[in-house]
There are 2 protein chains.
Amino acid sequence: MPRVSQADAKRRELLPVVAGAFAELGYRRVTTAELAERCGVRENILYRLWADKKSMFIAAIEYVYDLSEKIWAELFGPKATGSSAERLLEYESKHLGEFGHSRIIFAGLSEADDPDIRKALARMYARYQKFVLEQVTAHRDAHTPAGKADAAMAAWALVGLGTVVTITKELGLLKERDRVHLLAEMGRRLLD
Amino acid sequence: MPRVSQADAKRRELLPVVAGAFAELGYRRVTTAELAERCGVRENILYRLWADKKSMFIAAIEYVYDLSEKIWAELFGPKATGSSAERLLEYESKHLGEFGHSRIIFAGLSEADDPDIRKALARMYARYQKFVLEQVTAHRDAHTPAGKADAAMAAWALVGLGTVVTITKELGLLKERDRVHLLAEMGRRLLD
DNA sequence: CGATAATGTAAGTGAGCACTTACGCTGAGT
DNA sequence: ACTCAGCGTAAGTGCTCACTTACATTATCG
């Protein structure tokens, strides 16, 4: 048996670059040639790692979400000041959009009639809301308990708040200061 | 002088069809051939009405926003029950996304590094927030007055709420019932 | 009528792009 | 040292798409 495959390692190595390209440019604007160049390999190498461009995009979606979740997980580790939800708000107000999380959603949404992309996108968005929901309920148990349904609604509204803040950033509609303020003030109102 | 140009009339006639295509499919997925077919004309006719595909898209953005605004204007006409903001919430909870308003934003956002498209998009989004803001302040003057800055923040948060509801609809993440509930409940919380 | 510009039809054109093929090199197992 | 799969390079291939060109027809004015 000659040589063992390094495909998995290579995939892990290139995925951040691929995800970066999609988050930056969107699906259609990213060409496979562009991907190959950014990765420093030829196109057919990408095609040995993934079946087609769509698979690369879906892998990127998952990668981006895993990454944000990992970062969040650190935030809610052992050392805690204030409730988790409060820290999430504070963190997001500072770093929103940095990892292309929302950007890749918009890219996907305009391809939303492709069933595979839809599925990947929906899974990611639902996971996002679920994560926020956990923080909301944790926060409320500690402070002001409320209905379960209401917590879920609040979580969705918070996701929406994050989304609009990202859009205003993307389009240059609000200053950094105002964005932070918006997320903090309205976030608190929704949280309680 | 032979024959007077009908170009303006033709533009007005075709714009709804063009906008519909973009709202449905996004920018990249719409081909000029597709546009021509939907409009029942040849491609070069479209090119006599607009300089290029980008101009068609920008015209569509403006058209879609004008349309929603017109519909809203009717809502806030002479006959009034409850505050305008309350009616806006109720209306949006039922008809959200129907006119492709949000869909076209997502399409544009993934093309957001084209400066012309950015500008058109930013103008539209800012107008949207301004409109919501007017409703919020009108509502608050009548009920519970609050700071100006806070009203602006609340307006942005409401825009975000609308956006997340559209996304959940687009991705099939919430049932109709829940979406209406989300918009109504959280909308009210942000409004006051 | 006859000149002229608007309107329409039909057939390109050339560039970009997703994806493929052909082939040479490398290095672990026997 | 020979084999054979993994890995890499280079050059296509065929298709789609934004945009154009050439030319026929029509309507309005003097």
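Note on naming: letters A, B, ... go to the chains in the order of the sequence lines (proteins, then strands), and numbering restarts at 1 for each one.
Salt-bridge annotation for E90(B) and R87(B): absent, with no side-chain N of the basic residue lying under 4.0 Å from a carboxylate O of the acidic one.
Per the geometry, CZ belonging to R11(B) stands 12 Å off P belonging to dA6(C), to the nearest Å. Here dT13(C) presents its P atom at 16 Å from CD of E43(B), a figure rounded to the nearest Å. Residue I45(A) contributes atom CD1, which lies 16 Å from atom P of dC25(C) at whole-angstrom precision. Straight-line distance from the CH2 atom of W50(B) to the P atom of dC19(D): 14 Å, rounded to whole Å. Residue E13(A) contributes atom CD, which lies 13 Å from atom C1' of dC7(D) at whole-angstrom precision. Between L46(A) atom CG and dT20(C) atom C1' there is a gap of 14 Å when expressed in whole angstrom units. Atoms CG (L35(A)) and P (dC19(C)) sit 11 Å apart, rounded to a whole Å. Rounded to an integer number of Å, the gap from CD of E37(B) to C1' of dC17(D) is 15 Å.
Closest to the R42(A) side chain, of the nucleotides dC19(C), dC19(D), dT9(D), is dT9(D). Checked against dA18(D), dT20(C), dG8(C), the side chain of K53(B) finds its nearest nucleotide in dA18(D).
For Q6(A) against dC7(D), no side-chain N or O and base N or O form a donor-acceptor pair under 3.5 Å.
In this structure, K53(B) is positioned above the aromatic face of Y27(B), its NZ or CZ under 6.0 Å from the six-membered ring centre and within 45° of the axis.
If you find the closest nucleotide of DNA chain C to A33(A) and to N44(A), the one lying nearer the 5' end belongs to A33(A). If M56(B) and R48(B) are placed on DNA chain D by their nearest nucleotide, the residue sitting closer to the 5' end is M56(B).
Close to dA18(C), at under 4.0 Å from its OP1 or OP2, lies a side-chain N or O of T32(A).
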- Can you check side chain to side chain contact (heavy atoms under 4.5 Å, CB included) on V159(B) and Y125(B), steps first, answer last? CA-CA 9 Å; V159(B) 169; Y125(B) 216 66; 3.4 Å; yes
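Residues Y65(A) and E69(A) have side chains that bring a donor and an acceptor to within less than 3.5 angstrom of each other.
Of the possible donor and acceptor atoms, none in the side chain of R140(A) sits under 3.5 Å from a partner among the backbone N and O of K148(A).
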